[in-house]
Amino acid sequence: MRKSSKTSAHTHSAVNLRNAPHDDAPAAPVCTMVIFGAAGDLTKRLVVPALYNLVNSGRLADGFRLVGVDHSDQTTQSWRDGLGEMMQDFVSDTSGEFHAASINQAHWKWLTERMSYLQGDFQDPATFHALSDHLDEVAGQRKGPDNRLFYLAVADRFFETVVNGLSAADLVRQDGDRWRRVVIEKPFGHDLASAKVLNTAVLKVLREDQVFRMDHFLGKETVQNIMALRFANGLFEPIWNRDHIDQIQITAAETVGVEARGKFYERTGALRDMVPNHMFQLLSMVAMEPPTSFDADAVRNRKSDVIGAIEPMDPAQALASSVRAQYAAGTVAGHKVRAYRNEPDVDAHSMTETYAALRLGIENWRWAGVPFYLRTGKCMSTRQTEIAIRFHQAPYALFRGTDVAKMHPNWMILRIQPDEGIALEFAAKRPGPTVKLSTVDMDFSYSDFFAQKPSTGYETLLYDCMMGDATLFQRADTVENGWRAVDPVLEAWADAPQKTIPQYAAGSDGPKAADDLLQASGHAWRALPLS
Ligand code: BG6
């Protein structure tokens with residue numbers, strides 16, 4: 001159990017970062033949301049539960065409508081029923097992203113009454129013409145402006161097809177005050193070249209302010225809170241630089257394996273799946289310069305700058321600064337786990353990494369010389385996403401001649417998930433006649449201060465799209481800067497094919513090579529918490 005601090009939480013309206021669904025936030029403007037991939041997993045697990053949560057908090061206007069498009073043979077009624085069953089299943093399953101004690105039937109009914117389903121092939125222009133007719137019909141039956149939000153919950157190979165289909169059917173032209181917006185999920189490209197091609201294709205038919213590139217990490221409250229921690233407190237920013245910070249470690253350790261996503265994961269791997277997107281979001285929040293406002297572009301400019309300042313690496317540096325590994329059979333949380341190569345849809349000789357670690361440098365005045373260590377892996381000992389900041393060690397002179405043989409530097413830990421909070425480790429004198437030090441911590445846990453509402457993390461993001469607030473979405477240049485930073489590693493890995501890939505036992509803290517990566521600079525990973 002974590003100790004809770006004794007201070008109290010004061011709500012301060014000035015700390016309202018953006019237009020996110022705070023208790024006093026208004027309902028979003030009337031719109032019709034169209035989900036491509038309406039029969040898919042993302043729709044069921046995250047998008048529809050998030051919409052239901054938005055109904056619960058009064059964030060959807062009466063005129064809201066939801067249209068599902070997919071190739072699967074369903075009717076409006078069967079689509080609604082299937083989603084309803086799924087929502088009920090979530091109530092008994094505490095392990096999913098969405099968990100509620102019960103479903104409010106009146107609110108669910110409110111949502112289902114506004115849903116309709118359209119069967120169609122994304123590659124067939126007729127689908128978009130049928131959609132156009134359907135949307136006109138929907139708009140004619142309700143009051144309010146005919147705004148439209150197109151959500152691409154489809155495999156990335158369909159992104160361009162759907163965007164072009166929308167454009168060809170004249171569905172994304174904005175006139176007057178009626179907006180047309182398109183949400184694109186990750187993966188946005190699989191390297192710099194493909195991300196550029198995709199951006200060019202998308203921006204040929206849409207304006208940048210119509211495109212909402214989604215990274216669901218930005219929907220996590222704790223990620224958003226990094227800005228509040230840094231910029232709403234006078235305490236930290238003056239020491240948030242190379243003069244005081246010695247290294248930063250960003251960890252996204254998962255206990256899950258690839259589950260049913262073998263096909264996708266085989267061509268993706270841990271680096272592409274997690275680093276240029278989610279982990280760079282964490283990196284940019286912690287390392288960016290202060291923006292001058294919460295205006296979407298003010299924030300995104302600073303984020304793009306810092307990702308753009310990641311030190312370029314030549315192939316030798318890229319190899320020396322990276323580690324790839326794959327999980328072997330093992331035990332995670334008491335359950336036996338098969339090796340990655342034995343997972344469904346995975347090649348028995350697969351060389352795809354399920355773990356990646358990197359040492360990166362940021363070449364600017366704030367961070368030059370400070371290593372940023374990133375690690376992410378599947379089937380690890382514990383689920384932990386955190387940013388650990390190590391400050392320089394205090395000088396030793398005072399303690400010469402005491403029992404203090406070694407000084408410990410201060411760490412600040414931003415726990416993103418689970419057990420969200422912030423801890424600061426510092427040295428304290430142990431009670432007694434001689435000078436001895438112990439490391440103790442000040443620990444703030446969100447749950448001690450703020451009531452947790454059931455949330456999938458998508459609520460804020462969906463609401464923001466409807467409000468037209470792009471602060472928490474990726475701009476074309478940020479995405480490209482992310483790929484630009486990891487491309488040297490991807491290329492070096494591709495050019496230095498290994499006969500074998502280092503293995504780590506499922507349920508462990510990762511491969512030894514990752515420890516060696518830090519040891520080379522006299523550093524070590526922070527131990528992952530015991531699960
Ligand atoms: C997804 C990745 O984008 O993020 C998954 O494709 C990963 O492989 C997931 O498991 C992690 O997100 P979260 O919110 O569970 O930490």
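Ligands are counted one by one from 1 in listed order, and the atoms in each one are counted from 1 as well. Starting from 1, each residue takes its place in the sequence as its number.
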Inset, instruction - Examine Arg383 against ligand 1 and note whether any of their N/O atoms are separated by less than 3.5 Å. - result: no
Legend entry - Trp240 and Phe236 aromatic ring geometry - parallel, tilted or perpendicular at 30°/60° bounds: perpendicular
Legend entry - Option of least heavy-atom distance to atom 13 (P) of ligand 1 (set: Lys186, Glu185, Met214, His216): His216
Legend entry - Side-chain heavy-atom pair Ile362, Val370 within 4.5 angstrom cut-off: no
Inset, instruction - Determine whether the side chain, the backbone, both or neither of Phe217 has a heavy atom under 4.0 Å from any heavy atom of ligand 1. - result: side chain
Inset, instruction - Name all residues meeting the salt bridge (Lys or Arg N to Asp or Glu O under 4.0 Å) criterion together with Lys378; count only those two or more places apart in sequence or in a different chain, and write none if there are none. - result: Glu254
Legend entry - For Lys378, atoms of ligand 1 separated by under 4.0 Å from a heavy atom: 5 (C), 7 (C), 8 (O), 10 (O)
Legend entry - Nearest-option assignment for atom 2 (C) of ligand 1, heavy atoms, candidates Thr376, Asp273, Val258: Asp273
Inset, instruction - Over 60° means perpendicular and under 30° means parallel, so classify the ring planes of Trp367 and Phe372, tilted if in between. - result: perpendicular
Legend entry - Side-chain H-bond candidate by donor/acceptor type, Arg375 with Thr251, under 3.5 Å: yes
Inset, instruction - Can you tell me which residue pairs pass the salt bridge (charged side-chain N to carboxylate O under 4.0 Å, His left out) test with a partner in residues 182-200, sequence neighbours excluded? - result: Lys186-Asp273
Legend entry - Per atom 5 (C) of ligand 1, closest listed option by heavy atom (Arg261, His278, Arg272): Arg261
Inset, instruction - Considering the heavy atoms of Lys220, write down every atom of ligand 1 situated less than 4.0 Å from one of them. - result: 13 (P), 14 (O), 16 (O)
Legend entry - Non-hydrogen atom of Thr385 closer than 4.0 Å to ligand 1: no
